[in-house]
Amino acid sequence: MVSFKCLAACGLAALPCLAAALPRPSCPDGLSKQTRAELTMQQVQQELGVLISPGSHIYSAEDQEFEELTLRYQAFRPPKIKLVVQVGKEEDVSAVISYADRNSVDFYVVNRGHGLPLSQGKFNGIQIDVGLLRNITIGEDGTSGLFQGGTFDQQVIDYLWERGYATSKQTTSSRDPVTDMHSHLQPRAAAPCVGMLGPGLGGGHGRLQNKHGLISDNMLKINAVLANGTTITVSADSHPDLFWAMRGAGHNFAAVTSFELKLYPRGPDTWYHKTYIFTEDKLERLFELLNGVDEEKNQTSHMLNFGFYFWNQAFDADKPVIQWDFTYIGPQADVEARLAPFDNLGPVNVTDANIPYPEILPATGTGLDDPMCAPGLNHVVGTAGTQLYNITTQRQIFDHFVGKSAAYPALAGTFVVMESYGVNGVVAKDPASSAFPMRDDYLLLQISVNYAPDASLDAAAVQWAREAVDMWNRGQPTRRPTTYVNYGLGDESLESIYGYEPWRLERLLSLKKAYDPHNKFRYYVPLVRDA
Ligand SMILES: *[C@@H]1O[C@H](CO)[C@@H](O)[C@H](O)[C@H]1NC(C)=O
Ligand SMILES: *[C@@H]1O[C@H](CO)[C@@H](O)[C@H](O)[C@H]1NC(C)=O
Ligand SMILES: *[C@@H]1O[C@H](CO)[C@@H](O)[C@H](O)[C@H]1NC(C)=O
Ligand SMILES: *[C@@H]1O[C@H](CO)[C@@H](O)[C@H](O)[C@H]1NC(C)=O
Ligand SMILES: *[C@@H]1O[C@H](CO)[C@@H](O)[C@H](O)[C@H]1NC(C)=O
């Protein structure tokens, strides 16, 4: 009888079983908050070890692997990791979460460690590392693929490209959670160093979005584990309410072990890309031209562009420079005339190439080996979305960059990033069809104040990013501020992140109550904030 009661308690988080019952019951592991308060990580390690598959590994801070597994892209306010459980099978995620739930141990699911938000800094517990879950299975009819939660961009790009093609270079590249899509295929996160899934749970912008919509628009099915360890399938037919929520606010609801995405024919063998570097005197004319390009919606469906402000003293010793990249999904000849005005503007450097898609990202100077993908730096970010560039504002942001770099030379590694992936596929979807709330943000703006961790610089970095965001928002007085969830620090207003229409937050919060009543998923831009 005692034993029965206690076994039941194993699945019911807060019953103080051990305290009440003698002799000791036959629970496979811990029992409750009260009785397990003194649980040490050594005990967790021992108890979890027998619950997960043989291909799994548990690492504590004493292990050599620990440092690498907990190294993050974002060093600003990192989570405190006590133990890393690297799961060998999808089922293990449920085993670990059930255990964590029963023992009131916090868990955080990590793939490539690219999350930016401040909320991560409140975490203290077990990192569930899904990095070994990398299987990709293309469906029989080639219209969809199943991706495990640990797949990452470059792996996916290469894998899919090779299935439709000969070979592609195993180069990697890219920016942080910019997302991106691939030809044969599906939307994917643009940064090969970035996981596939994380960006998609927040919508997921990408290179093919003009044709096919966001990553989340292409999700057909999500295999997930709820906060109490229950495994569920989420799709239009199974938990459709959660399917709605997880495509835009997905980080708040469940741990994803695998997901099915639509695939598309790969398209042209080569893409054309051209990168210009301009000195700042060209700024106004450049943004006038870009506004023209972005207004021609039909054309941008095949030509996307993005650019940066950053310091490159090879081109300008006194001011940051402006780099602009164009990528066209097709042959050079199609776009030469459209790019001629940019050539005529007088760039200080131009590079171009016709290359297979997997080589595009490294070719644009955003490779894994480039600083943009390097782990261990602080990235104090701020973001805004807009529809056309306000040229006055773009100048203000630039001059602000100059002033801040002079005042804080240690912050001069900062980037201002401006992205235009085209909008046709994004606006074509019913905005109510998912929790992604900002389909009318055509341009993504982000500042990333980058520096080696140094607490004495934090306040200045935060202030710089905030001021830049305020300038962008003042530059569009008729629109409300928006925060693409993957690009901000997460301390912006919930409405700016998850949508201003009151029904959106109401629906999200009611689903949160139903699926994660104890707010276990609260470390990535939480819907329910700590008091
Ligand atoms: C990946 O697929 C192979 C072949 O089906 C299987 O043996 C292996 O266990 C899978 N790996 C994971 C992590 O699920
Ligand atoms: C866009 O496409 C539509 C339909 O194909 C066409 O009528 C229109 O002229 C195009 N606009 C531009 C700017 O090319
Ligand atoms: C300028 O462009 C050329 C190609 O046109 C490239 O080889 C060179 O590395 C560039 N210079 C710098 C400093 O990036
Ligand atoms: C551009 O930004 C300026 C300065 O913030 C603002 O006064 C102006 O109204 C903006 N222009 C438009 C077209 O929104
Ligand atoms: C787990 O949570 C879900 C969603 O809140 C709930 O429907 C289910 O009954 C729970 N399962 C157990 C075993 O408590």
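Both counts, for ligands and for their atoms, begin at 1 and track the order of listing. Hydrogens, waters and symmetry mates are skipped; everything else that's a heavy atom, side chains included, is used.
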Ligand 5 to Asn228 polar contact by distance, N or O atoms, under 3.5 Å: yes

Heavy atom of protein closer than 4.0 angstrom to atom 2 (O) of ligand 1: yes

Geometric N/O contact Lys89 with ligand 1, under 3.5 angstrom: no

Under 4.0 Å to a heavy atom of Leu132 - the qualifying atoms of ligand 1, by number: 13 (C)

Heavy atom of the protein closest to atom 10 (C) of ligand 3 (residue, atom name, distance): Asn349 ND2, 2.9 Å

Ligand-residue contact atoms, ligand 1 with Gly88, heavy atoms, under 4.0 Å: 13 (C)

Numbered atoms and elements of ligand 1 in range of Gln148, under 4.0 angstrom, heavy atoms: 12 (C), 13 (C), 14 (O)

Protein heavy-atom partner closest to atom 12 (C) of ligand 3 - residue, atom, separation in Å: Phe315 CZ, 3.4 Å

Check: Tyr276 ring centre within less than 6.0 Å of Phe278 ring centre: yes

Contacting atoms of ligand 3, where contact means under 4.0 angstrom from a heavy atom of Thr351: 2 (O), 3 (C), 4 (C), 5 (O), 6 (C)

Ala514 N/O to ligand 5 N/O under 3.5 Å: yes

Near-ring test Phe308/Phe415, centroid separation under 6.0 angstrom: yes

Check: Tyr108 ring centroid to Phe123 ring centroid under 6.0 Å: yes

Aromatic ring proximity Phe253/Phe243, centre distance under 6.0 Å: no

Pair Asp516 + Lys520, salt bridge at N-O below 4.0 Å: no

Polar contact flag for Val350 and ligand 3 (N/O pairs, less than 3.5 Å): yes

Shortest protein heavy-atom distance from atom 5 (O) of ligand 1, along with the residue and atom involved: Asn135 ND2, 4.7 Å

Any protein heavy atom < 4.0 Å from atom 14 (O) of ligand 1: yes

Test item: side-chain donor near acceptor, Tyr515 and Asp241, under 3.5 Å: yes

Contact summary for Gly88 and Ser56, nearest pair of heavy atoms: N-OG, 3.0 Å

For Leu133, atoms of ligand 1 separated by under 4.0 Å from a heavy atom: 13 (C)

From CA spacing to verdict: ring-ring contact (aromatic ring centres under 6.0 Å, His included), Phe147, Tyr159: CA-CA 11 Å; Phe147 299 82; Tyr159 183 92; 8.1 Å; no

Heavy-atom closest contact (Val84 atom, Thr70 atom, distance): CG2-CG2, 3.6 Å

Centroid-centroid distance, Trp324 to Phe287, less than 6.0 Å: yes

Any non-hydrogen protein atom less than 4.0 Å away from atom 7 (O) of ligand 3: no

